[in-house]
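Contents: one structure, followed by commentary.
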Amino acid sequence: MSKKNQSKADAYSFFSCIEKNFDKAARYIPIKKGLLEQIKACNAVYRMHFPIKIGKEIQVIEAYRVQHSHHKLPCKGGIRYSIKVNQDEVMTLAALMTYKCAIVDVPFGGAKGGIKIDPQIISVENIEKITRRYTSELIKKNFIGPGIDVPAPDYGTGEREMSWIFDTFLSLTHGEVDAIACVTGKPVSQGGVRGRKEATGLGVFYGIRELCKMKEEMLSVGLDVGLNGKKVIIQGLGNVGYHAAKFFHDAGAIIVALAEREGAIYNKKGLNVSNVIIHLKNTGSILNFPESKNIEDTEKALELECDILIPAALENVIHKYNANRIKAKIIGEAANGPVTPEADDILGKKGVIIVPDIYLNAGGVTVSYFEWLKNLSHVRYGRMEKRFSENMNTELLQVIENSCKKKIPIEEKKMILRGPREIDLVRSGLEDTMINGFHKIRDLKKSLKIENLRIAAFVLAINKIIDSYEKLGIFP
């Protein structure tokens, strides 16, 4: 694509993409226009500037927190650190969170935050200063709290930043018994939940796996049922892309290409994801990985032959200028908004199945919900039932052995007797959520004869939000 076309793609309003999809979905919903306008609008936008002393100089930091919907409280959404952060982006991501939570039955309103910095070139000490000051600004305006607005990690942030947010909140809100629930994505030692780090990537895997079980859909794109042997390309090897790649690889899929900012690597026989990560840590780049071909233009990796394409980086990477060259039969939107509306139309005419972001990357907020519940209950998952389950299983196994007059091998016995750990319960809840969400979208698509899964997902989300407003009423 030419630089001119690239700049057009980059300048595309992310928020307008969501509005276009919302309007397409609204055609299937017989409801008063005023309520639809309320659901579409962002309820509160907090734009702030605050000073930070870096060395001997004072730097003014631009930051945001957007609460898209208050139909459920608290609001929920990540905080991203990026030099590209702007109000349009944060508003869009907050809107996506609203619809995402509705689809997977997580009782939160959507929110999002962002700080306009490049964490790659700022010292850890200064990132901590910025994070803590940002948190204090949110507290001043009542934009954070266990029952108000609960942030989480996003692009450029992680467990470290969430710990700083929790500590700052705890320091400035004395006597708040549920303060630990003011933020999710924390380290396990600070009230985090096991399984949160890989949750989004695992949710992507569960969603695509469920699609690939559907004979009707697989026939429509000329593929066999199941994941085994399917060729997969993943763009973005951050937390989401890495874990998605790992779970697909473990399920028997062939990862033929991996793409990062500096370029991509390709091997038609498959790439070992764990070895690629070791190579990345040792060299600082995925390029020149043994027995793979380098692709200098990372966007070209999206256009390679494959069965499943997983964009897990940034928005608008598939647009009207490259959509015709996409050869994948299934696109799983692990990133937020990787496909523009124009590209959506082009790919739809080609018969490509797109599994939309507002469903597919909901694994993170689902497990964040589990962490929030854990924090409010002040008890670890599995603590009360693990030993009870093991004792009951032991007694049951003893009865079976006595009845059959045969001993079960020790290793098999250990596997059968083991009670559920926290990570087992978290992953079970995530799997159930993603499977149920997929079938609700698919069933709605078929019953209303909706053109694709994305619009069906929006219809599902909007209907659930409408139900909340109708049951609650409008105050005053």
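Position 1 is the first residue of the sequence, and the numbers go up from there.
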Geometric class of the Tyr469/His71 ring pair [parallel <30°, tilted 30-60°, perpendicular >60°]
tilted
Only one of Phe143, Tyr64, Tyr134 passes ring pair (Phe, Tyr, Trp, His ring centres under 6.0 Å) with Tyr46, and that residue is Phe143
With sequence neighbours left out, which residue pairs that include part of residues 454-475 fulfil the salt bridge (charged side-chain N to carboxylate O under 4.0 Å, His left out) condition?
Asp105-Lys464, Glu333-Arg454, Asp344-Arg454, Asp357-Arg454, Asp467-Lys471
Applying salt bridge (charged side-chain N to carboxylate O under 4.0 Å, His left out), name anything that partners Arg380, two or more places apart in sequence or on another chain.
none
In chain order, what residues pass the side-chain hydrogen bond (donor to acceptor under 3.5 Å, both in side chains) check against Lys76, with sequence neighbours excluded?
Thr184
Selection residues 115-125 - residue pairs positive for salt bridge (charged side-chain N to carboxylate O under 4.0 Å, His left out), sequence neighbours left out:
none
Test of understanding: with ring pair (Phe, Tyr, Trp, His ring centres under 6.0 Å), list the residues that count as partners of Phe438, not counting sequence neighbours.
none
Listed once per pair and sorted, the salt bridge (charged side-chain N to carboxylate O under 4.0 Å, His left out) pairs that draw on residues 202-211, sequence neighbours left out:
Arg209-Glu431, Glu210-Lys213
For His243 together with Phe248, are the ring centres under 6.0 Å from each other?
no
Taken in chain and number order and not counting sequence neighbours, the residues that satisfy salt bridge (charged side-chain N to carboxylate O under 4.0 Å, His left out) with Arg442 are Glu216, Glu217
By side-chain hydrogen bond (donor to acceptor under 3.5 Å, both in side chains), Arg261 pairs with (sequence neighbours left out) none
What is the ring orientation for Trp372 with Phe108, classed by angle as parallel under 30°, tilted 30 to 60°, or perpendicular over 60°?
perpendicular
Mind checking salt bridge (charged side-chain N to carboxylate O under 4.0 Å, His left out) for Lys445 and listing every partner two or more places apart, or none if nothing turns up?
none
What pairs with Glu89 under salt bridge (charged side-chain N to carboxylate O under 4.0 Å, His left out), at least two apart in sequence or on another chain?
Arg80
Which pairs with one or both residues in residues 21-30 pass salt bridge (charged side-chain N to carboxylate O under 4.0 Å, His left out), sequence neighbours excluded?
Asp23-Lys40, Lys24-Asp345, Arg27-Glu451
Partners passing ring pair (Phe, Tyr, Trp, His ring centres under 6.0 Å) against Tyr206 (at least two apart in sequence or in another chain)
none
Would you confirm whether Lys449, through its side chain, and Lys446, through its main-chain N or O, come within 3.5 Å as a donor-acceptor pair?
no
